[in-house]
Each structure stands twice: as C-alpha cells, then as structure tokens.
Amino acid sequence: MNSIYLDPILGWYEANARDLPWRADDATPWGVLVSEIMLQQTPVARVLPVWQTWMRRWPAPADLAAEPSGEAVRAWGRLGYPRRALRLHGSARAITERHGGAVPSAHEELLALPGIGSYTAAAVASFAFRQRHAVLDTNVRRVLARLLGGVEYPPKSQTRAEVRLAESLLPLDPPTAARWAVAVMELGALVCTARTPRCADCPVIASCAWQRAGRPAYDGPPRRGQTYAGTDRQCRGRLLAVLRDAEGPVEKPALDVVWSDAVQRERALDALVADGLVDPLQDGRYALPV
DNA sequence: GAGCCGTGGGA
DNA sequence: TTCCCAAGGCT
C-alpha cells in the first residue's frame with residue numbers, strides 16, 4: 001500500500017535523518033526503550049545528555065533494577081514528569097524478573113510494562129526489533145492529518161480512523177515498515193512541524209492534501225489552555241527539586257521555604273508521597289524513595 | 001474521556 | 001512577554 005509516499009519519504013529520511021545515539025547500529029533494545037520513555041512530551045535536545053549518562057550508568061535493565069527507585073528519580077534530573085523515572089525503574093525490575101533481563105519484543109508484553117502505552121510499545125517493537133506496527137505519535141498524526149486529511153492538525157484525541165489509516169499505509173515487509181515508521185516521524189519532527197512547517201523542504205509536497213487545499217488554518221476548538229504558574233504541578237516540581245539536589249534526607253523546613261501557600265504545599269507533598277516519588281521518614285525528614 | 005502530571009526553549 | 005508545545009500514559 002502506500003506507493004506514492006513510500007519512496008520519497010524513505011529517500012528523504014536516508015538523506016536527512018538525525019544522527020541520534022538510540023538509532024545507532026550498536027543501540028540496544030534497552031537503549032531504545034529508555035529513549036522512548038524520556039522522549040514522551042520532551043524535546044530531543046533535553047533528552048540527549050540525560051540518556052547518555054543514564055546508559056553509561058545502567059547499560060542493562062538489571063543494572064537499574066538493582067538500584068533504589070530514588071536513584072532513577074535523581075538521575076532523571078529536570079526532564080519533567082518524574083513519575084516516568086519511577087515507571088522506567090519499575091519496567092527495569094519487571095524485565096529483570098519476568099523476562100530474564102532482556103527487553104521483550106512482543107507488543108503485548110511491552111504494553112504490560114509500567115509507563116509503556118500503545119505508542120511506546122509500538123515504537124520499541126518497531127525501532128528495536130524491526131517489527132511491523134503502526135507507530136502513531138503526535139508527529140505522525142500531524143503528518144497524516146495534513147498529507148491525507150487536508151487539515152492542519154489532527155483531532156485532540158486519537159481516533160480509530162487514524163489507527164486504521166496508519167495501518168493501511170504500512171509496507172508489508174516488516175523491516176521496511178519499521179523504516180517507514182521512523183521516517184514519517186522524523187518528517188513530522190523536522191519538516192512537517194506544528195508551528196511553522198517547512199513545506200519547501202517536503203519530499204511529498206506534490207501529494208499533500210493540505211497543500212492542495214491551500215493550507216487552511218485549523219478551525220476546530222482551542223487545542224490548549226493549561227497555565228502552569230501557581231499550579232500543584234509547579235509546586236510538586238519545586239519540592240522534588242529540593243530532594244533531588246540534596247545529598248540525603250532533608251528537614252521539613254527545607255521544603256517549606258520553596259512554596260508559600262501551606263495548604264497547597266501539603267497537598268502537593270502528600271501527592272508526591274502517594275505517587276512514590278517522596279519517602280517520609282520516621283524522624284520527620286523526607287527523602288527520595290529507597 | 002477529561003484532567004492531571006514538569007520543564008524550558010523558541011516564536 | 002506570553003504563549004505554545006515536545007517521540008504519552010494513567011486514572
């Protein structure tokens with residue numbers, strides 16, 4: 001399927017793909033998995049140095065599994081959404097215990113790991129194991145919305161129609177399908193971008209429905225909203241940063257000083273404890289989890 | 001299914 | 001400066 005897009009996009013990828021370490025020939029499935037978790041909602045440039053340090057320290061799942069979860073949270077640094085660090089640590093332990101220390105290749109087994117949803121399972125199965133899966137992330141959804149749908153942006157939540165469309169475009173040969181998946185994603189990341197698409201550099205501009213329609217602006221409901229300043233999220237970030245930057249356990253006052261609203265602060269701290277990101281010690285101090 | 005969960009850089 | 005958003009997942 002997919003005769004008119006396949007060759008141009010594969011050719012474009014061949015010439016323009018970024019040289020990312022998790023795409024190197026010597027990259028392991030574990031390295032791919034770690035990159036996919038880190039890249040969730042996080043730009044490549046910020047992931048790169050953390051991934052390098054992480055892989056040097058924990059080259060295999062068993063290496064991370066042997067550490068306290070708090071070490072994963074600390075090494076996560078300021079990547080954001082630190083529960084991902086906890087889940088990655090959980091995945092390392094599950095892989096070590098249930099899969100003999102080897103990242104599973106089956107989509108269903110990947111899906112069963114914490115922090116791995118439909119996208120990440122498909123991405124790891126495709127990128128690390130060269131399987132044939134529809135890898136539908138925000139980049140791919142945007143490319144397909146424009147190329148075939150003729151609209152600027154895809155719907156807010158993923159639809160079955162999008163999945164079916166992505167599946168219908170997959171080359172039959174698994175390795176080629178895997179190549180196609182990463183190529184479309186890269187096209188979305190570098191050319192068919194959200195804000196200011198570089199259509200002049202697009203290998204399939206002649207076949208683009210959005211281009212043909214005159215690049216109409218998105219006309220649906222507002223896609224965003226969500227202020228950040230003053231939210232529990234910001235508060236949680238401040239509190240966790242104190243623990244991350246400390247050598248060991250910290251006294252309560254050290255946390256109190258980073259957020260003035262006591263009610264919100266306590267609520268956020270309780271939530272961090274409930275999430276397993278913070279460990280309240282017997283003596284009243286707080287620490288990253290063991 | 002809507003809301004929540006961090007962070008920082010570019011337009 | 002403000003706003004948008006970057007390879008999502010979970011409840």
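The figures that follow rest on heavy atoms only: side chains count, while hydrogens, waters and symmetry mates do not. Throughout, a chain's letter reflects where its sequence line sits, starting with A, and its residues are numbered from 1. Keep in mind that this is a model prediction, so the values were computed, not measured.
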Report yes if the side chains of A:Val44 and A:Trp22 come closer than 4.5 Å at any heavy-atom pair, otherwise no. yes
Does C:dC5 have OP1 or OP2 under 4.0 Å away from a side-chain N or O of A:Thr138? no
How about A:Arg198: does its CZ atom have over 12 heavy atoms from other parts shown lying under 6.0 Å from it? no
Comparing nearest nucleotides in DNA chain B, the 5'-proximal residue of the pair A:Thr231, A:Pro43 is A:Thr231
Within the 4.0 Å heavy-atom criterion, would you say A:Thr120 contacts the bases, only the backbone, or no part of the nucleic acid? sugar-phosphate
Do any side-chain nitrogens or oxygens of A:Gln41 fall under 4.0 Å of OP1 or OP2 in C:dG8? yes
Heavy atoms under 4.0 Å, any strand shown: does A:Arg142 hit a base, just sugar-phosphate, or nothing? sugar-phosphate
With a non-hydrogen cut-off below 4.0 angstrom, is A:Gly117 in contact with a base, only sugar-phosphate, or nothing? sugar-phosphate
Just by distance, with hydrogens left out, do A:Glu152 and A:Trp210 show a side-chain donor and acceptor under 3.5 Å apart? no
A:Thr42 (side chain) and B:dG6 (base): donor-acceptor pair under 3.5 Å: yes
Lys/Arg-Asp/Glu bridge criterion (N-O < 4.0 Å) met for A:Glu167, A:Arg132: no
In whole angstrom, give the distance that lies between atom OH of A:Tyr153 and atom P of C:dC4. 10 Å
Roughly how far apart, to the nearest Å, are B:dG9 and C:dG9 at atom P? 25 Å
Please state how far atom CG in A:Asp275 lies from atom P in B:dC5, giving the value in whole angstrom units. 9 Å
Please check the phosphate of C:dG9 (OP1 and OP2 only) for any side-chain N or O of A:Tyr119 closer than 4.0 Å. no
Any idea which of C:dC5, C:dA7, B:dT7 is nearest the A:Arg195 side chain? C:dC5
Any side-chain donor near an acceptor of the partner, A:Arg87 and A:Tyr81, under 3.5 Å: no
Which whole number of Å gives the distance between the P atom of B:dA11 and that of C:dA7? 15 Å
Where the side chain of A:Arg46 is concerned, which of B:dC5, C:dA6, B:dT7 is the nearest nucleotide? B:dT7
Is it the case that B:dC4 (base atoms only) and A:Arg233 (side chain only) share a donor and an acceptor within less than 3.5 Å, ignoring hydrogens and angles? no
Does a nitrogen or oxygen in the side chain of A:Arg78 sit under 4.0 Å from OP1 or OP2 of B:dG8? yes
Nearest-Å distance once atom C1' is located in both B:dC5 and C:dC5: 15 Å
If we take the C1' atom in both B:dG1 and C:dG8, what is their distance in whole Å? 15 Å
Nucleotide B:dC4, atom P - distance to CG of A:Leu277 in whole Å: 18 Å
Assert: residue with more 5' nearest nucleotide on DNA chain C, out of A:Arg87 and A:Leu20, is A:Leu20
Could you state the atom-to-atom distance from CZ of A:Arg84 to C1' of B:dC4 in whole Å? 14 Å
Give the rounded distance in Å between these two atoms: CH2 of A:Trp51 and P of C:dA6. 23 Å
If we count only N and O atoms by modelled type, under 3.5 Å, do the side chains of A:Gln264 and A:Asp232 hold a donor and an acceptor together? yes
Over how many whole Å does the gap from A:Leu48 atom CG to C:dA7 atom C1' extend? 13 Å
Using a heavy-atom cut-off of 4.0 Å across all strands, would you classify A:Trp22 as base, sugar-phosphate, or nothing? base
Can you measure A:Asn139 atom CG to C:dC5 atom P for me and round it to whole angstrom units? 13 Å
Against the side chain of A:Ser118, the closest entry in B:dG6, B:dC5, C:dG9 is C:dG9
Just to be sure I understand the rule, does A:Leu240 reach a base, reach only the sugar-phosphate, or reach nothing, if contact means heavy atoms closer than 4.0 Å? nothing
Figure out the OH/C1' separation between A:Tyr228 and B:dG9, and round it to whole Å. 14 Å
So CD of A:Gln40 and CG of A:Leu88: to nearest 0.5 Å the spacing works out to 9.5 Å
As a test of reading the structure: which of C:dA6, C:dA7, B:dC4 is closest to the side chain of A:Arg83, going by heavy atoms? B:dC4
